[in-house]
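First comes the structure, then the notes that go with it.
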Number of protein chains: 2
Amino acid sequence: MTGAKSSPTRNTPQRAAVLRALGNCQDFVSAQMLHARLVTADCAVGLTTVYRALHQLQATGQVDVVRDGTGERLYRRRSTAGHQHYLLCRDCGRSRPVDSRVVERWAERIGETSGFTDVEHTVELTGVCGRCRPTAH
Amino acid sequence: MTGAKSSPTRNTPQRAAVLRALGNCQDFVSAQMLHARLVTADCAVGLTTVYRALHQLQATGQVDVVRDGTGERLYRRRSTAGHQHYLLCRDCGRSRPVDSRVVERWAERIGETSGFTDVEHTVELTGVCGRCRPTAH
DNA sequence: CATGGACATGGAATTCATTTTCATTTACGC
DNA sequence: GCGTAAATGAAAATGAATTCCATGTCCATG
């Protein structure tokens, strides 16, 4: 690849703020939540910009994206290399990564045997975490 | 659970029309598309009713639901028992069922070992089918 | 057959995440 | 500093999905 720098992104304080705010979140957050935080904090950033920044981060693989039950997108800064799947609590939104190597291999296999190309997969696991489960007295 | 007939659904021509229209579709359709068809056909059904019917069908396990790239819900009448996963073509929307027993078992295991309860999973596989792939001459 | 009430319908209005528009501002190579 | 392509952001648009609510209709009764 020669000049594969397809997006000549600029360094702006807003983008830095989004990335920083995202880094402060321990769990998945929606673009809206992120924007709300940024407004509350000293550095206000427009909602549009938050969306744009998140798009870029997604395109460059710097965040993982999942969908909650309503279809809303949730973002989280990616820690490990390669992509990762999570088990999300339906109540509190807490997440925990899960070992998805089995699924990765499965999806890969499907890609090879299906006649389809560029096979991608998304896996959403949801449940109710121990802290949210009401003690059935 | 004894009398789990939680929803005393009635037989209405509209609901029948939705189910029939759904049966005519070979592939996944959105509620909007379905509604458009029903309006074009002789039997007009309100959009609201289409959504309600689809909700019920989903609750009773008569349709499978997936999400396309934009998060829009797509519905398809279920053929086999138990739930089923599909590989969707990103271009034409054509779908093919895939053998997902591996994933089922994996999800089940996660449910048992995670400390979460009521673990559910959704898996979306997308790709480009042979017919849609441009011949890279 | 008549009746009543629970369930169902559907058009309009609403909600809400996300995207688009566009005038203005800003980063950064020169 | 200058110019310009990129970035910003407020407002408006989009579009799926849901809620509202007045009206309609299925169906178990009398």
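For the numbers below, each heavy atom of this structure counts, side chains included, while hydrogens, waters and symmetry mates do not. Here is the naming used below: chain letters follow the sequence lines, and residue numbers restart at 1 for every chain.
- When each of A:His35, A:Gln32, A:Gln56 is checked for a side-chain contact (heavy atoms from CB on, under 4.5 Å) with A:Tyr51, only A:Gln32 meets the rule.
- Taking the side chain of A:Glu72 as heavy atoms from C-beta on, and the options C:dA17, D:dC27, D:dA17, the nearest nucleotide is C:dA17.
- In this structure, NE2 of B:His35 is placed 16 Å from P of D:dG15, rounded to the nearest angstrom.
- Base contact: A:Arg52 has a heavy atom under 4.0 Å from a base atom.
- Contact check, B:His55 against D:dT18: a side-chain N or O comes under 4.0 Å of OP1 or OP2.
- Picking from C:dG10, C:dT18, D:dC27 the nucleotide with the shortest atom distance to the side chain of B:Thr49 gives C:dG10.
- Spacing between atom CG of A:Asn11 and atom C1' of D:dT8 amounts to 15 Å, rounded to whole angstrom units.
- Listed for the A:Arg73 side chain is no donor-acceptor partner under 3.5 Å among the backbone atoms of A:Val65.
- A side-chain contact (heavy atoms from CB on, under 4.5 Å) with B:Leu57 is found for one member of B:Gln62, B:Arg77, B:Arg52 and no other, namely B:Gln62.
- Evaluation of atom-type donor-acceptor distances gives a pair under 3.5 Å for the side chain of B:Thr48 against the base of C:dG11.
- Closest approach to the B:Pro13 side chain among D:dA17, D:dG9, D:dC26 is made by D:dC26 (side chain taken as heavy atoms from C-beta onward).
- Across all strands shown, A:Leu47 has heavy atoms under 4.0 Å from base atoms, whether or not it also approaches the sugar-phosphate.
- Using the six-membered ring where Trp is involved, A:His121 and A:His85 have ring planes that are tilted, between 30° and 60° apart.
- Considering only side-chain N and O atoms, A:Gln14 lies nowhere under 4.0 angstrom from the phosphate OP1 or OP2 of D:dA7.
- Among the nucleotides C:dC28, D:dA7, D:dA17, the one closest to the side chain of A:Thr12 is D:dA7.
- Atom CG in A:Asp68 sits about 10 Å away from atom P in C:dA17, given to the nearest Å.
- An OP1 or OP2 oxygen of D:dT18 is reached within less than 4.0 angstrom by no side-chain nitrogen or oxygen of B:Tyr51.
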* Evaluate side chain to side chain donor-acceptor pair (under 3.5 Å) for B:Ser114 paired with A:Arg96, printing each intermediate quantity in order. => CA-CA 9 Å; B:Ser114 62; A:Arg96 82 180 315 189; 4.9 Å; no
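- Spacing between atom CZ of A:Arg67 and atom C1' of D:dA16 amounts to 12 Å, rounded to whole angstrom units.
- In this model, a side-chain donor or acceptor of B:Arg10 finds a partner on the base of C:dC7 within 3.5 Å.
- Residue A:Arg15 has a polar side-chain atom (N or O) positioned under 4.0 Å from OP1 or OP2 of D:dT8.
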